[in-house]
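All remarks here apply to the structure that follows.
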Amino acid sequence: TQLLEQSPQFLSIQEGENLTVYCNSSSVFSSLQWYRQEPGEGPVLLVTVVTGGEVKKLKRLTFQFGDARKDSSLHITAAQPGDTGLYLCAGDNTGTASKLTFGTGTRLQVTL
Amino acid sequence: NAGVTQTPKFQVLKTGQSMTLQCAQDMNHNSMYWYRQDPGMGLRLIYYSASEGTTDKGEVPNGYNVSRLNKREFSLRLESAAPSQTSVYFCASSEAGQSSYEQYFGPGTRLTVT
């Protein structure tokens, strides 16, 4: 079983702070996705990265795929309460997305 | 568009009882998935169906069966529920095979087995 370890597991910060969430594996993935999940709902896709070293920005969120395609990071600048949720990374090594391996999750709480 | 729908939203079972979780998608996706989510363990794949008429085991298939009834519907059955199957179950669908695929998730079914 391929494992994707996320750190930290929990993060509680105040509005305006910056944070970084990490997603690490010993396996190589052809692509990696980040999802956000709010309480009582299913995960929703934020971004897909497919090239080693790739950086994608989504407003205040910056995603990076490691050069070796084994790890990824999510950086949030000036966090807002609306960023609160469970962040999940998910790796695909089939090239066809037939099976995703999900990370253990990082629960983020942003307070005023 | 309803996207992915799941029924029921909540269920309490006694050990040994059986039940079927229903999932339907209206996006004409070929692939459908069943996951379970437990605290600190992310999402774990139970079964998936790459296309109508096919099903394959995921990471944690023991104690479950699935049926891909047609392109829209994918059900998950617990034949004899156990307390270890207490979890939140998510169904998802995707148009796998494309370079920018996305899995679309339903709202989940919260199952408690006593």
Side-chain angles (χ1 to χ4, degrees), chain A residues 1-11 21-25 27 29-51 54 56 58 63 65 72 74 85-107, chain B residues 2-7 9-10 21 23-25 27 29-51 54-62 68 87-110:
Chain A
T1 302
Q2 299 168 318
L3 294 177
L4 273 171
E5 297 287 339
Q6 287 185 237
S7 62
Q9 194 173 2
F10 300 99
L11 196 53
V21 176
Y22 299 94
C23 173
N24 295 296
S25 175
S27 302
F29 292 99
S30 57
S31 65
L32 195 136
Q33 299 180 321
W34 284 92
Y35 289 81
R36 180 168 65 205
Q37 183 180 17
E38 300 189 13
E41 299 181 8
V44 175
L45 181 69
L46 295 172
V47 76
T48 302
V49 285
V50 297
T51 305
E54 181 177 4
K56 279 192 173 179
L58 185 65
F63 304 85
F65 201 12
S72 181
L74 158 60
L86 178 68
Y87 288 82
L88 295 160
C89 62
D92 168 44
N93 69 346
T94 67
T96 61
S98 59
K99 289 170 77 170
L100 286 178
T101 299
F102 277 83
T104 48
T106 294
R107 190 166 297 280
Chain B
V4 179
T5 56
Q6 292 183 236
T7 56
K9 290 190 175 181
F10 301 94
L21 282 65
C23 174
Q25 52 94 8
M27 294 172 283
H29 286 163
N30 285 314
S31 300
M32 297 186 73
Y33 311 84
W34 275 106
Y35 293 92
R36 60 178 288 173
Q37 185 173 38
D38 302 293
M41 301 189 75
L43 287 159
R44 292 183 293 168
L45 183 65
I46 304 171
Y47 271 94
Y48 69 102
S49 172
S51 61
T54 68
T55 61
D56 285 288
K57 294 179 180 179
E59 181 185 351
V60 288
N62 291 343
R68 184 74 182 267
S87 188
V88 181
Y89 291 85
F90 287 98
C91 177
S93 71
S94 76
E95 195 54 47
Q98 297 180 356
S99 60
S100 298
Y101 59 87
E102 171 179 358
Q103 289 200 9
Y104 294 83
F105 287 82
T109 294
R110 187 174 295 275

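Contact of A:Glu41 with chain B is made through the backbone alone, with heavy-atom distances under 4.5 Å. If you measure heavy-atom distances from B:Tyr104 to chain A, you find no contacts under 4.5 Å at all. Looking at A:Phe10, neither its backbone nor its side chain comes within 4.5 Å of chain B, counting heavy atoms on both sides.
Annotation: the span from B:Gln103 atom CD to A:Leu45 atom CG amounts to 9.5 Å, rounded to 0.5 Å. Considering OH of B:Tyr35 and CZ of A:Phe102, their distance stands at 4.5 Å, rounded to 0.5 Å.
Between B:Leu43 and A:Pro43 the shortest heavy-atom distance is CD1-CG, 3.7 Å.
A search for ring-ring contact (aromatic ring centres under 6.0 Å, His included) contacts involving A:Tyr87 returns nothing, not counting sequence neighbours. With sequence neighbours excluded, no residue forms a side-chain hydrogen bond (donor to acceptor under 3.5 Å, both in side chains) with B:Thr109.
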Q: Check the pair B:Tyr48 / A:Leu100 against side chain to side chain contact (heavy atoms under 4.5 Å, CB included), numbers first and verdict last.
A: CA-CA 10 Å; B:Tyr48 69 102; A:Leu100 286 178; over 6 Å; no
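Under 3.5 Å, the side chains of A:Gln37 and B:Gln37 contain a donor-acceptor pair of N or O atoms.
The environment of CZ in B:Arg110 is sparse: at most 12 heavy-atom neighbours from other residues, nucleotides or ligands sit within 6.0 Å.
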